[in-house]
Amino acid sequence: MTASIAYEAVEVGTELPAQSFPVTRATLVQYAGASGDFNPIHWNEKFAREVGLPDVIAHGMFTMAEAIRVVTDWAGDPGAVVEYGVRFTKPVVVANDDTGALIEVSGKVAAKLDDNTVRVDLIAMSDGKKVLGMSRAVVRLA
């Protein structure tokens, strides 16, 4: 597969379609099983509070993975992402209710680079707080 977006059709400032990703306690259990990360801060409310957290929090790598979906869906090919990095700034707190939490992600093309690549800057928010900082991806376009 290759990216479905043409490099020539993209300008600096091009906004990617924003997306929202719901996170429940069940989501965290499923991710823990898939990733092997069974740290109790991600599933045990009592433990999370004992170590100073407000409640159970989503895995950082899960949050990072949800955020990059905005880029891979836009590009049309997950393999188009050639570089991706973030700074974890705030945890995604996941309440034990039917709602859980919501990760809201937006992005825009910040720079056109060489070799048909662009840098996309992402903003990931949850509960009005920025949960990822310096969230950037380099994507090779068609």
Side-chain angles (χ1 to χ4, degrees), residues 1-113 116-142:
M1 293 180 83
T2 59
S4 58
I5 304 291
Y7 179 81
E8 294 80 18
V10 174
E11 298 298 330
V12 170
T14 299
E15 293 188 18
L16 282 61
Q19 294 187 52
S20 296
F21 305 100
V23 186
T24 64
R25 295 280 178 96
T27 309
L28 299 182
V29 171
Q30 292 168 338
Y31 182 81
S35 69
D37 182 352
F38 294 102
N39 187 322
I41 64 173
H42 303 304
W43 58 269
N44 184 319
E45 185 174 331
K46 180 179 179 290
F47 183 86
R49 290 184 189 278
E50 285 174 353
V51 298
L53 295 169
D55 206 332
V56 165
I57 63 170
H59 304 72
M61 296 303 287
F62 172 82
T63 304
M64 189 178 176
E66 291 292 74
I68 197 65
R69 288 175 57 189
V70 167
V71 175
T72 59
D73 288 354
W74 171 72
D77 177 12
V81 176
V82 295
E83 185 178 316
Y84 178 45
V86 305
R87 212 179 272 164
F88 300 107
T89 56
K90 298 279 183 194
V92 175
V93 179
V94 182
N96 190 17
D97 58 18
D98 292 334
T99 306
L102 193 64
I103 301 170
E104 299 171 291
V105 184
S106 61
K108 72 167 64 173
V109 175
K112 291 185 83 168
L113 309 171
N116 283 14
T117 60
V118 296
R119 190 187 87 219
V120 175
D121 291 353
L122 296 167
I123 297 173
M125 306 284 292
S126 183
D127 196 29
K129 298 177 186 107
K130 193 172 183 180
V131 296
L132 298 176
M134 299 296 291
S135 184
R136 296 178 172 171
V138 174
V139 185
R140 179 162 287 112
L141 301 178

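Model, not experiment: these values are computed from the prediction.
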Just how far is it from atom [atom1] of [X] to atom [atom2] of [Y], taken to the nearest 0.5 Å?
X	Y	atom1	atom2	value
D37	H42	CG	NE2	4.5 Å
M125	I103	CE	CD1	12.5 Å
L122	L132	CG	CG	8.5 Å
L141	D77	CG	CG	10.5 Å

Checklist entry - Partners of S126 by side-chain contact (heavy atoms from CB on, under 4.5 Å), sequence neighbours excluded? => result V92, A101, V131
Item to check | For V82, side-chain contact (heavy atoms from CB on, under 4.5 Å) partners two or more places apart | outcome: V138, R140
Any idea which heavy atoms bring [X] and [Y] closest together, and the distance?
X	Y	value
V86	S135	CG1-OG, 3.4 Å
V23	A58	CG1-CB, 4.5 Å
A110	V12	O-CG1, 3.6 Å
A142	N116	O-ND2, 3.5 Å

Please collect all salt bridge (Lys or Arg N to Asp or Glu O under 4.0 Å) contacts where either partner lies in [range], sequence neighbours excluded, each pair once.
range	answer
residues 2-16	none
residues 119-135	R119-D121, D121-R136, D127-K129
residues 42-65	R25-E45, R25-D55, E45-R49, K46-E50, R49-D55

Item to check | With sequence neighbours excluded, residues passing ring-ring contact (aromatic ring centres under 6.0 Å, His included) with Y84 | outcome: none
Checklist entry - Can you pull the ring pair (Phe, Tyr, Trp, His ring centres under 6.0 Å) pairs that have at least one residue in residues 11-35, sequence neighbours excluded? => result Y31-H59, Y31-F62
Can you give each donor-acceptor pair under 3.5 Å made by side-chain atoms of residues 67-75, sequence neighbours left out, with the distance rounded to 0.1 Å?
| unit_1 | atom_1 | unit_2 | atom_2 | d |
| --- | --- | --- | --- | --- |
| R69 | NH1 | E66 | OE1 | 3.0 |
| R69 | NH1 | E66 | OE2 | 3.4 |
| T72 | OG1 | R69 | O | 3.3 |
| D73 | OD2 | Q19 | NE2 | 3.0 |

Next on the checklist: Holding to side-chain hydrogen bond (donor to acceptor under 3.5 Å, both in side chains), I want the full list of residues that pass it with T24, two or more places apart in sequence or in another chain.
Outcome noted: T27
Checklist entry - Does N44 have any side-chain hydrogen bond (donor to acceptor under 3.5 Å, both in side chains) partners at least two apart in sequence or in another chain, and if so, which? => result none
Checklist entry - Which residue pairs pass the side-chain hydrogen bond (donor to acceptor under 3.5 Å, both in side chains) test when at least one of the two sits in residues 89-106, sequence neighbours left out? => result none
Checklist entry - Would you say V56 and L28 make side-chain contact, with heavy atoms under 4.5 Å? => result yes
Checklist entry - Just by distance, do the side chain of Y7 and the backbone of L113 share a donor-acceptor pair under 3.5 Å? => result yes
